[in-house]
Amino acid sequence: MKIFSIVVIILAVALIVFNATQINYDAPLEGKSTVALIGIVSGFCAIVLMLIFLVSKKIEEKTK
């Protein structure tokens, strides 16, 4: 399960990098830039969720 979480984090980072290249910095809230910003936010959400999951698994192992 730890390997799966790490793979998801790596994919989320790749998603963030890809979407950062798609942003038009002159008009960041128009057209495809909006979709790219949503993709960046979703990538950060995926990373936070996976980190919370990894911490909860560590706590579960310590309590057993």
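Hydrogens, waters and symmetry mates play no part in the numbers below; they use all other heavy atoms, side chains included. None of the values given here were measured: they were computed from a predicted structure.
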query: To the nearest 0.5 Å, what is the distance between CE (M50) and SG (C45)?
result: 11.5 Å
Is it possible for you to say whether [X] and [Y] belong to one hydrophobic cluster, with membership spreading through side-chain heavy-atom contacts below 4.5 Å?
| X | Y | value |
| --- | --- | --- |
| I9 | I52 | no |
| L51 | V13 | yes |
| F53 | I3 | no |

Which atom pairs, donor and acceptor, lie under 3.5 Å between side-chain atoms of residues 29-44 and protein residues at least two apart or in another chain?
residue	atom	partner	partner atom	Å
S33	OG	N24	N	2.8
T34	OG1	L29	O	3.2
S42	OG	I38	O	3.3
S42	OG	G39	O	2.8

- prompt: Are any of the side-chain nitrogens in K57 or E60 under 4.0 Å away from the carboxylate oxygens of its partner?
  reply: yes
- request: Please name the pair of heavy atoms, one in A20 and one in Y25, separated by the smallest distance, quoted to 0.1 Å.
  value: O-OH, 3.1 Å
field: V8 vs I47 side-chain heavy atoms within contact, under 4.5 Å
entry: no
